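This one's a predicted model, so the numbers in the text were calculated from it and none came from an experiment. Throughout, protein chains are lettered first and strands after them, A, B, ... in sequence-line order, and every chain is numbered starting at 1.
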Number of protein chains: 2
Amino acid sequence: MKPIAESTVRRLSLYLRFLEEFEAQGQLTISSGELAVSRGTTSAQVRKDLSFFGSFGKRGLGYDVRDLIGSIRQILGLHRTWSVVIIGAGKIGAALAQYRGFATRGFHVVGIYDKDPARIGTKLGEITVRSDLEIERDIERLRPQIAVLCVPGEVAQAVVDRVTDAGITAVLNFAPAQVQVPNGVTMRAVNMATELEILAFGLSHPEELAS
Amino acid sequence: MKPIAESTVRRLSLYLRFLEEFEAQGQLTISSGELAVSRGTTSAQVRKDLSFFGSFGKRGLGYDVRDLIGSIRQILGLHRTWSVVIIGAGKIGAALAQYRGFATRGFHVVGIYDKDPARIGTKLGEITVRSDLEIERDIERLRPQIAVLCVPGEVAQAVVDRVTDAGITAVLNFAPAQVQVPNGVTMRAVNMATELEILAFGLSHPEELAS
DNA sequence: CCTTGTGAATCGTTTCACAGCC
DNA sequence: GGCTGTGAAACGATTCACAAGG
């Protein structure tokens, strides 16, 4: 298979969200054009995105909503569950631990860890904060695939090194720091400061930020 | 000025972060190559990104760290402060309200709002949660530029309509919903579910997710 | 000799346009 | 007739490569 652009994967995720809404409304079939307007893109883009993975529609008719949901789920890897550990039980870690959106999409939080003794043992929804010393043992035992980092920027790299050494193969980084991961590990970063700064640029340069 | 790609703005924000680290370490001068390796890009990319805004270096020498920090701050619109309102005082809204990264970069949180009477009046760090009924009045009075949305997906569009009608010109959307903004309003979305799904795709298709 | 700034070349993504099929 | 799937064209971003300046 040829390499797939991140932008394509991101759109597939959005298509999936809309398809689920359409399904909930009882719509059985949908055209690439309908899917496109709901998401602010073009019908050609929708068809091209899907074409990388096969052909899912019927010419003259469109796509079967339920089938396409299944196909995109399969493409994105949502036909199975994934186990997640959250590292850092500060404000953001705690908020994420209780975020319902994880579970409803097949991401199971199997552990949350902190270094601060005051936090260890406290309950966040279903789950109890454990000592950061147990990270390695738990990862080796429970084999989660994904680590969500919610630690201070200064320790982010050290923590990523620990979890990837222990066997984590995907990292979602909320820490305000750029981190390196070894080959074979997928990494994504969500950086609040950067998002705000892009907004500030947009405010400062009306009409000049592309898109 | 020609339109600037979002990817360029995002990199400028990262360069700024590294330049600040270099400055803290007392480094006076830096080459595009040094800036590039710290950020995983190329020296040509660094120079091209900067070239859209002027010429900031000295041939044979590189860039003065302090000057370049000032120039990038100016470019990004960080030479002034921006006022922010947070809509929704649930877990994520509350976490953001207390996020130190806002203030240290010149983003002042001037209000946080919720609909739930149990939350109204509670203190989050410095600031007290106010009724969502005061949103319009406060926006007209305090003239914040940025709204950060931390409300449930179902009400996100209605809330965006309210704040943009009241005069907000930039929105950072953490609600798990696609929203439309009127022309002239900058919008960015951070969608946890999408980020996780991109990771799941990466886990499911090793070697096939571009970069 | 080193490093910037930048046009030109390359690469990747999006859009177009139409043949093929329902 | 309507809509998909897909090569080809257009566009945009990144990389190359070098002239110009310290």
Is the count of non-hydrogen atoms from other residues, nucleotides or ligands lying under 6.0 Å from B:Gln27 atom CD greater than 12?
yes
Only residue of A:Arg73, A:Arg10, A:Arg17 satisfying side-chain hydrogen bond (donor to acceptor under 3.5 Å, both in side chains) with B:Glu197 is A:Arg17
Just grab all the salt bridge (Lys or Arg N to Asp or Glu O under 4.0 Å) pairs involving residues 159-182 of chain B, residues at least two apart or on different chains.
B:Asp132-B:Arg162, B:Glu136-B:Arg162
Hey, could you give me each pair passing salt bridge (Lys or Arg N to Asp or Glu O under 4.0 Å) that has a residue in residues 32-61 of chain A? Not counting sequence neighbours.
A:Arg11-A:Asp49
Scan nucleotides 8-13 of chain D against the protein and return all N/O pairs shorter than 3.5 Å with their distances rounded to 0.1 Å.
none

Please say whether more than 12 non-hydrogen atoms of neighbouring residues, nucleotides or ligands are located less than 6.0 Å from CD in A:Gln25.
yes
Quick check against the 3.5 Å criterion: does B:Asp138 have a side-chain atom that pairs as donor or acceptor with the backbone of B:Leu142?
no
Find the distance A:Ile30:CD1 to D:dC3:C1' and express it as a whole number of Å.
13 Å
Pick the nucleotide of DNA chain C nearest each of A:Ala44 and B:Ser55; which residue has the one closer to the 5' end?
B:Ser55
By nearest-heavy-atom nucleotide on DNA chain C, the more 5' of A:Thr8 and B:Gly54 is B:Gly54
Not counting sequence neighbours, which residues clear side chain to side chain donor-acceptor pair (under 3.5 Å) with A:Glu134? List them please.
A:Arg130
salt_bridge(B:Arg66, B:Glu20) N-O dist < 4.0 Å:
no
Any side-chain N or O of A:Ser32 below 4.0 angstrom from OP1/OP2 of D:dT4?
yes
So the contacted stretch of DNA chain C, first to last nucleotide with an atom under 4.0 Å from a non-hydrogen atom of chain A, runs from C:dT13 to C:dC22
To the nearest 0.5 Å, what is the distance between CD1 (A:Ile86) and CG (A:Leu149)?
11.0 Å
Check nucleotides 18-22 of chain D against the protein and report each pair of N or O atoms closer than 3.5 Å, with its distance, or say if there are none.
from: D:dA20; atom 1: N3; to: B:Arg59; atom 2: NH1; distance (Å): 2.8
from: D:dG21; atom 1: N2; to: B:Gly60; atom 2: N; distance (Å): 3.2
from: D:dG22; atom 1: O4'; to: B:Arg59; atom 2: O; distance (Å): 3.4

Does CD in A:Glu140 sit with more than 12 non-hydrogen atoms of other residues, nucleotides or ligands closer than 6.0 Å?
yes
